[in-house]
Amino acid sequence: DGQPIDGGTTATVVALIKGKLLVVANAGDSEAILGGRVSDGSVGFEALCGDHAPTNVDEFIRVAKLAPERPADWQPALFAYDL
């Protein structure tokens, strides 16, 4: 309808399978970290997935490579912050 979009959707799903395999999937600008106590007694963490936002250089490059696959009549969504 030509009206700007003022938001989007993000999701992060984490599954621990049989106590051994950790599977992480994310979409949008959501992130996940895993934290716990390390051997010296301190608390540490590790990022489980990357940010899928256009400000992430790797994500920007990944999406830019998709450009040739778009139909000729493709138009990007108009977001409120694009106005």
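V57 belongs to a hydrophobic cluster whose other members, connected by ILVMFWY side-chain contacts under 4.5 Å either directly or through intermediates, are I61. In the hydrophobic clustering, where aliphatic and aromatic side chains (Ile, Leu, Val, Met, Phe, Trp, Tyr) are joined below 4.5 Å either directly or transitively, V23 groups with I17, L21.
The OG1 atom of T12 sits 9.5 Å away from the CG atom of L48 when rounded to the nearest 0.5 Å.
In the hydrophobic clustering of ILVMFWY residues, with side-chain heavy atoms under 4.5 Å counting as a link, V43 and I33 come out apart. Taking hydrophobic clusters as Ile, Leu, Val, Met, Phe, Trp and Tyr residues chained together by side-chain heavy-atom distances below 4.5 Å, V24 does not share a cluster with V13.
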Residues N26, T10; criterion side-chain contact (heavy atoms from CB on, under 4.5 Å); working and verdict: CA-CA 8 Å; N26 76 314; T10 66; over 6 Å; no
